[in-house]
Trainee: 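This is the structure I have questions about; it appears just below.
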Amino acid sequence: MSPAIAGALARLPEYLSQHVLLSVSAIVLGCLISLPLAVVAARSAMLRGPALGIASVIQTIPGLALLALFYPLLLVLSIFTQDTFGFTFRALGFLPALLALMLYSMLPVLRNTITGLTGVDPAIKTAARAVGMTSWQSLLLVELPLAAPVIMAGVRTASVWVIGTATLSTPVGQTSLGNYIFTGLQTENWVDVLFGCVAAAGLALVIDRLLALAETGMAQRSRVRLIAAGVGLAVVIGASLLPLVGRTETHVVVGTKSFEEQYILGALIQGRLMKDGIGATRRDGLGSTVVFNALAANDVDVYVDYSGTIWANHMKRKDMPGRAAVLKNMAAWLKDKRGIAYVGPLGFENAYAFVMRRDRAEALGIKTLSDLALHARGMKIGGDYEFFGRPEWKSVVKAYGMKFAEQRQFQANFMYRAVVDGDVDVIAAFSSDGRIAQYDLQLVTDTKSALPPYDAVLLVSPRHANDGKLLSALEPLVGAIDLSSMQRANLMVDREKDKKTPEQAADWLESVIKP
Amino acid sequence: MAHAPAAAPIIAFQEVAKVYGDTAAVRGLNLTIATGEFYVLIGPSGCGKSTTLHMVNRLSEPSSGRILIDGADASTLNPVGLRREIGFVFQAVGLFPHLTVGENVAIAPRLLGWPPADIVTRVAELLEIVRLPPQAYLHRMPAELSGGQQQRVGLARALAARPRIMLMDEPFAALDPLTRDDLAADYRAIHDRLGLTTVLVTHDMTEAFLLADRITVMHSGEVVQTGSPQELLNAPADDFVRSLIDTPRRRAKRLAELMHVGAGT
Ligand SMILES: Nc1ncnc2c1ncn2[C@@H]1O[C@H](COP(=O)(O)OP(=O)(O)OP(=O)(O)O)[C@@H](O)[C@H]1O
Ligand SMILES: [Mg+2]
């Protein structure tokens, strides 16, 4: 077996168990709400329209957006309950994913149950009344059993949808088979992407077949089929959930944003913690703002952010007092305003860095951003999805009076190729990215210090801010990673040939930083 | 000639009307049905027979007038309790397709919370009564039965909880003439033996004459004549009743002639 497939397989028990737990919970919860609602709606035409209408509208919201909506909603709610009732809950991960998927599962169950119930032969309903059934008995003994195959078909549709959509719960911090797809896309590990797709589709197919068996079992009143379907479901679900049974309660959640360097550092930190006997799980691929808020809300306990991001995005500072002063001010602000503990800088910067092809920069005589500003009107600039909306970009535009002919947004991988191929003239790259050296790109220097420094910094959640054991496990990492080591580790994951997984790159990084 | 029966009425309709939108399905209905009576409602399609029957156990409610059951206004009685004391056999049979023959028959006793052992005995007994040997039919599904067999199961289901009143809406219409006569005669015997009060709806005057103690002829939602078979034969109220009794009379006459000729040779 190839190492890529072996690596993917090793993560299967964790991802599959989380995926099944999430999907099954969402479907069960969805049915528990949809079935009674449908029963009431089937008897009242007044309720039927609105119930189906709302469920249909929910269905039209893209799955990713629905999932993303629940995190801020729950975050606000958890802050409210904390302030008002003194208890709080995790707004990240399982809960938002569960609620979004539950809503997603409702329409098919609702629609089929209403269709099934209203479709029961009126002569049979009259007979049920005539033998002296109450309307409740008629429902339980006659109408629901007769509608059962149609209802089951709805549950089947819902299950397939939910299992598929659950792959989108990775960005809200819930581990699922989507982790293969999201990290695979980010690191261009197509084996992972494919593996994730096949695993999710396979799971959906198996569950669909078993529910189909249950459906025909109900339609044909075949006890054998029903039992076979029940046993099959129990075995599949039970076996998938096995890795979760008896697992030691983990104490620390390591968060990562959605790019290679973060995955590598996440794996590195997790490894360090485990080695020191601290249980740690990872929430990979979180949005930049999501992960910061999650840390403040104790949904994530450790992650690496960059000083400039906190300075500009969270502290909303526009002044540029210099590298050391930024760190000092930032540490104080984090502690005072959010209760977050600042452990220290890792030792390298991952700053926004404007880079060009060396031959082109030399031909035009561009060395600084001021030089670049002179040529900008005839040039195209590339950035990642965030860059042109960030305060750093506004600050550069203001400081140098730059205006480009065209701005283009790229996924990081494609951005480097675009500048190498000449599709754009200059890109806002990341200084720790290994590809700057690999492609021999020329750095355009920021002489006016319009861009803040971006020291990689280790942050710890308020609830672990005084956790001596955790802090002493993390402290050896402070100042331990230099820029060229980080660049090389990043390149291992980014490059096409001899591509490594973030975990392998983390192992390598661990081996070079060990004293 | 029609006279009120001697025994106290178990069912009485007093000026009952049932209106759907602006058409009256029945109107001005006055009926008294005595305990133990075998009462037949007859009339053309759409004259309101099923409507009349459905109002007895409150499957539908009268638009005006009163229905008395044992002297009590039916609208004051608990409909579920009332229905459990009244057996109902449907024109459209209405067996529960997801339940076996045995489970269909057992439904009313089950709802009344009989002990399971009693239910088992009762179901077997009833299947014997309607001539469906339990060992062959108990576990069949309704879809695996002929129309006539389904109607027998419907009859057994209606009788299960030992009702005092049986309401039967064209129960034998789907049967072949031979089994129809058989089952009709069987049922009349059951009626007598169990001391039931039966209200039966039919299109078939011959059947009415053979079974009924009293007959009410309906037309366009109104009663045309009520009387014993004898009274109807001897003194039909109008041409409509006359035309109804004509068919059985002609048949009987022709049969008598044939038998006379046969006896003569
Ligand atoms: N639910 C209903 N809504 C509207 N009209 C109805 C309804 N039920 C019955 N009717 C009308 O009431 C009249 C009497 O119907 P009913 O079913 O009592 O006739 P019937 O004598 O039983 O006829 P058949 O011999 O065909 O069964 C018919 O004109 C019918 O169309
Ligand atoms: Mg009728």
Side-chain angles (χ1 to χ4, degrees), chain A residues 35 38-39 42-43 45 112-155 211-230, chain B residues 50-51 53-61 77-100 103-114 139-144 150-151 153-161 163 165-169:
Chain A
L35 282 173
V39 166
R43 297 187 171 208
N112 280 43
T113 305
I114 291 173
T115 309
L117 286 176
T118 50
V120 174
D121 182 356
I124 287 167
K125 285 197 257 190
T126 309
R129 285 170 69 213
V131 296
M133 288 190 194
T134 60
S135 77
W136 186 239
Q137 288 169 330
S138 169
L139 180 73
L140 288 183
L141 299 176
V142 176
E143 293 165 60
L144 279 177
L146 288 177
V150 185
I151 296 173
M152 204 60 213
V155 173
L211 290 175
L213 190 65
E215 187 186 325
T216 48
M218 281 175 178
Q220 300 169 3
R221 327 236 149 258
S222 153
R223 205 156 283 173
V224 178
R225 277 166 205 264
L226 276 176
I227 291 171
Chain B
S50 296
T51 304
L53 215 54
H54 284 161
M55 286 188 289
V56 176
N57 69 347
R58 298 191 61 184
L59 285 177
S60 68
E61 304 291 341
L77 302 173
N78 175 351
V80 170
L82 183 68
R83 290 177 200 139
R84 287 180 184 172
E85 287 169 9
I86 298 178
F88 205 115
V89 180
F90 285 93
Q91 200 169 354
V93 192
L95 294 183
F96 303 122
H98 60 300
L99 301 180
T100 63
E103 288 164 342
N104 262 283
V105 175
I107 200 85
R110 218 176 110 197
L111 293 174
L112 289 168
W114 289 19
H139 298 294
R140 292 240 203 136
M141 301 308 287
E144 298 163 355
Q150 287 184 18
Q151 197 54 277
V153 178
L155 178 58
R157 181 176 69 181
L159 286 169
I165 300 173
M166 286 286 284
L167 305 175
M168 306 176 83
D169 197 347

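Keep in mind that this is a model prediction, so the values were computed, not measured. Residue numbers start from 1 in every chain, and the chains themselves are labelled A, B, ... in the order their sequence lines are given, proteins ahead of strands.
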Trainee: Should A:Arg43 and A:Glu143 be marked as a side chain to side chain contact (heavy atoms under 4.5 Å, CB included) after you check the CA-CA gap, both sets of side-chain angles, and the distance that decides it?
Mentor: CA-CA 12 Å; A:Arg43 297 187 171 208; A:Glu143 293 165 60; 3.1 Å; yes
Trainee: With A:Arg225, which residues qualify under side chain to side chain contact (heavy atoms under 4.5 Å, CB included), at least two apart?
Mentor: A:Leu213, A:Thr216, A:Gln220, A:Ser222
Trainee: Does any non-hydrogen side-chain atom of A:Leu141 lie less than 4.5 Å from one of B:Arg110?
Mentor: yes
Trainee: Based on non-hydrogen pairs under 4.5 Å, which of B:Ala158, B:Pro163, B:Pro97 is most in contact with chain A?
Mentor: B:Pro97
Trainee: With only heavy atoms counted, which part of B:Arg157 is less than 4.5 Å from chain A, the side chain, the backbone, both or neither?
Mentor: side chain
Trainee: Heavy-atom cut-off 4.5 Å, strictly under: side chain, backbone, both or neither for B:Ile107 against chain A?
Mentor: side chain
Trainee: Given that the side chain runs from C-beta out, which part of A:Arg221 has a heavy atom under 4.5 Å from chain B: side chain, backbone, both or neither?
Mentor: side chain
Trainee: Determine whether B:Phe88 and A:Val131 make a side-chain contact, defined as any pair of heavy atoms from C-beta on separated by less than 4.5 Å.
Mentor: no
Trainee: Given that the side chain runs from C-beta out, which part of B:Leu99 has a heavy atom under 4.5 Å from chain A: side chain, backbone, both or neither?
Mentor: neither
Trainee: Quick check on A:Ala128 against chain B: is it the side chain, the backbone, both or neither that has a heavy atom closer than 4.5 Å?
Mentor: both
Trainee: Given B:Val89, which of B:Leu155, B:Leu159, B:Leu167, B:Asp169 fulfils the side-chain contact (heavy atoms from CB on, under 4.5 Å) condition?
Mentor: B:Leu155
